[in-house]
Amino acid sequence: MTSSTEQSKDQGSGLPLDMIIFGGMGDLAMRKLLPALYMAFLHGNLPGSTRILSTGRQDIDRAAYLKHVEEHSRDFIAKDNFNDKTWDGFLQLLQYVKLDVQAAPRFDTLEAASRQGAQRVFYLSTAPSLFTTICDKLAATGLVDENARVVLEKPLGTDLASAIEINEDVGRYFAESQIYRIDHYLGKETVQNLMVLRFGNSILEPLWRAPNISSVQITVAEEVGVGSRAGFYDGAGAMRDMVQNHLLQLLCIVAMEPPTSLNADAVRDEKLKVLRSLRRMGLADIARDTVRGQYIRGVSGNQEVPGYHEEKNVPPESHTETFVALRAFIDTWRWSKVPFYLRTGKRMRSRSSKIVIEFANPPFPLFHQNAGAVANRLVIELQPEEAIKLQLMAKQPGSGMETQQVSLNLDLQSAMPQRRAEAYERLLIDVVRGRLTHFMRRDELEAAWQWADPIIEGWQTLAEKPHPYAAGSWGPAESFALLARDGYSWVE
Ligand code: BG6
């Protein structure tokens with residue numbers, strides 16, 4: 001078995017690193033990638049000879065680029081991690097390469113900037129419609145060799161067909177072992193800890209199955225609205241933006257069988273089995289087991305906020321969902337008949353991502369149980385709290401034998417106060433070191449689309465508008481009804 005020490009050892013190539021960011025002026029580069037690279041640099045996790053080549057269409061020089069970075073990226077580094085000297089050192093690594101991906105027949109400017117013999121990591125932080133052109137031209141310019149790696153930012157396609165196309169195109173030049181499909185949820189500390197919770201503790205495993213577990217809830221709630229991203233978001237919706245990737249990845253970790261090692265393929269094989277066992281939904285299932293919502297004006301954090309239709313660049317007639325709740329089943333021996341309730345939405349009451357494992361009630365009701373009381377739940381808080389709570393029944397003090405729910409709370413932040421690296425920082429270090437475990441393999445991505453596509457198509461066929469919900473609420477009433485029908489309720 002691959003031990004954790006083996007996992008964490010540096011599998012870097014020993015070559016100088018050229019980190020090449022396509023979309024180097026973009027929002028993701030400014031908000032996430034450069035701050036993550038700064039943090040990796042601060043902690044000595046980048047090879048000594050690293051260079052970061054940011055490409056962009058804008059006709060600016062290096063000084064102007066650095067100024068842009070100062071103005072748009074620096075503020076995304078937490079104050080206590082900021083250090084002028086390190087920042088200056090970090091800026092030394094940065095170069096700007098002017099490159100119009102569509103217009104340039106070859107990437108000569110990039111070729112001139114990138115070092116011979118360097119390990120090239122291409123980070124494609126652009127619209128996926130540019131992935132093919134970028135890869136074609138990288139190859140035509142002779143920049144792809146066996147040491148090169150390519151990082152693909154989501155969304156990877158809008159459906160199965162487009163995902164296959166991207167995979168085929170990228171796969172013409174890069175072997176699967178050179179392709180890093182990012183799902184930043186897999187880089188989150190708490191999500192990685194989920195694997196340890198399940199497979200590093202033997203007490204859970206015998207219980208981790210039907211009929212001991214009666215249901216599973218996975219919620220990823222966001223307080224923010226669509227912000228300035230309507231141009232992208234309105235064509236995607238919550239299903240493509242969140243469920244098809246982040247929520248399904250969480251579901252995989254909850255539901256997978258123990259892998260035989262932490263080796264990338266061993267882990268991804270098990271996740272793939274879960275995705276392939278997800279029950280496909282027909283129209284009747286979609287109508288019954290899924291809920292789409294769209295936020296309307298409401299109050300969030302004591303402030304009145306606009307509805308989705310009032311956001312910039314949202315077409316007035318848009319039926320795009322900003323909320324999804326659904327009931328899914330995994331047709332395996334372990335999970336037979338256990339409903340998995342998934343829920344995600346923008347402009348919800350608060351930012352809260354959690355997994356709730358609800359255990360079966362005792363087979364014989366010895367004690368009087370208050371209506372609606374659930375004997376045991378394991379609540380795994382992923383963000384912003386990092387906690388594991390085990391809900392148990394206890395006797396209420398007094399002469400009777402009344403029971404009451406109590407909770408064993410493990411606050412992971414107090415138990416382990418060490419710094420948490422941001423997801424992008426951890427994943428970028430993984431790319432540099434050649435660790436693929438926390439990235440999606442091609443077949444995983446395609447299996448996820450295979451399940452999601454019929455649902456999205458079904459919604460089109462049913463042609464129902466999404467249910468309105470007030471910004472600052474927990475979503476439309478229909479989402480509560482979905483669980484109530486089975487005798488459950490969302491754990492807020
Ligand atoms: C991204 C989605 O993948 O994840 C965004 O495109 C969403 O719409 C974001 O806001 C949520 O990530 P996090 O890390 O803030 O939970």
Side-chain angles (χ1 to χ4, degrees), residues 23 26-33 35-36 39 76 78 123-128 151-158 163 180-194 218-253 292-295 300-301 305 308 311-314 318 320-324 342-355 380-386 420-428 438-440 444-445 448-449 452 456 466 471 475:
D27 206 40
L28 187 80
M30 292 301 141
R31 283 189 306 113
K32 299 283 185 192
L33 305 183
M39 291 301 291
F76 290 96
Y123 199 116
L124 308 197
S125 163
T126 63
V151 186
L152 306 179
E153 205 22 86
K154 72 172 262 283
L156 275 169
T158 50
Y180 292 72
R181 295 181 191 82
I182 282 228
D183 180 318
H184 79 279
Y185 268 60
L186 295 180
K188 289 183 189 270
E189 192 65 63
T190 44
V191 175
Q192 295 188 356
N193 189 39
L194 205 51
I218 302 178
T219 293
V220 177
E222 295 188 89
E223 199 176 329
V224 294
V226 69
S228 56
R229 293 172 69 231
F232 152 74
Y233 191 88
D234 197 65
M239 185 70 175
R240 293 187 177 97
D241 187 44
M242 298 293 288
V243 179
Q244 186 271 347
N245 34 75
H246 304 324
L247 276 90
L248 284 190
Q249 284 295 323
L250 294 176
L251 174 136
C252 282
I253 302 176
R292 296 167 77 227
Q294 191 185 68
Y295 63 86
S300 170
V305 293
Y308 182 68
E311 304 271 19
K312 203 169 145 224
N313 294 333
V314 172
S318 170
T320 298
E321 78 282 353
T322 61
F323 174 97
V324 173
L342 312 188
R343 171 176 68 156
T344 185
K346 294 208 181 281
R347 278 280 182 238
M348 297 187 68
R349 175 80 54 85
S350 60
R351 179 169 188 247
S352 164
S353 299
K354 68 172 73 164
I355 295 170
I380 305 159
E381 307 262 8
L382 302 175
Q383 63 184 27
E385 253 65 71
E386 294 183 17
R420 266 69 169 154
E422 280 275 331
Y424 274 99
E425 181 186 342
R426 200 171 298 112
L427 292 174
L428 278 164
H438 302 298
F439 295 84
M440 284 197 287
E444 261 183 280
L445 173 79
W449 279 122
I456 298 170

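These numbers come from the heavy atoms of this one structure, side chains and all, not from hydrogens, waters or symmetry mates. Just so you know, ligand 1 is whichever comes first in the structure, and atom 1 is the first atom listed for that ligand. Positions are given from 1, in the same order as the sequence printed here.
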Quick check on contacts: which atoms of ligand 1 are under 4.0 angstrom from a heavy atom of [X]?
X: Lys154; result: 1 (C), 2 (C), 3 (O), 6 (O)
X: His246; result: 1 (C), 3 (O), 4 (O)
X: Lys188; result: 13 (P), 14 (O), 16 (O)
X: Lys346; result: 5 (C), 7 (C), 8 (O), 10 (O)

Heavy-atom check, side chain of Leu250 versus side chain of Lys188, under 4.5 Å
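A side-chain contact is absent here, since even the closest heavy-atom pair is not under 4.5 Å.
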
Identify the closest protein heavy atom to atom 15 (O) of ligand 1: which residue and atom is it, and at what distance?
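The answer is Arg351 NH2, 3.6 Å.
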
Of the protein's non-hydrogen atoms, which lies at the shortest distance from atom 12 (O) of ligand 1, and what is that distance?
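I find the closest protein heavy atom is His184 NE2, 3.1 Å.
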
Ignoring hydrogens and geometry, is there a side-chain-to-backbone donor-acceptor pair from Arg347 to Val224 under 3.5 Å?
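Pair absent, no side-chain N/O of Arg347 close to backbone of Val224.
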
Would you say Tyr233 has any N or O atom under 3.5 Å from an N or O of ligand 1, going by distance alone?
no

Which of the listed options, Asp241, Thr322, Leu28, holds the heavy atom that is closest to atom 6 (O) of ligand 1?
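Shortest heavy-atom distance from atom 6 (O) of ligand 1: Asp241.
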
Is the ring pair Tyr185/His246 parallel, tilted or perpendicular, if the boundaries are 30 and 60 degrees?
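It falls in the parallel class, under 30°.
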
Checking Glu311 against Tyr295: is there a side-chain donor and acceptor pair closer than 3.5 Å?
yes

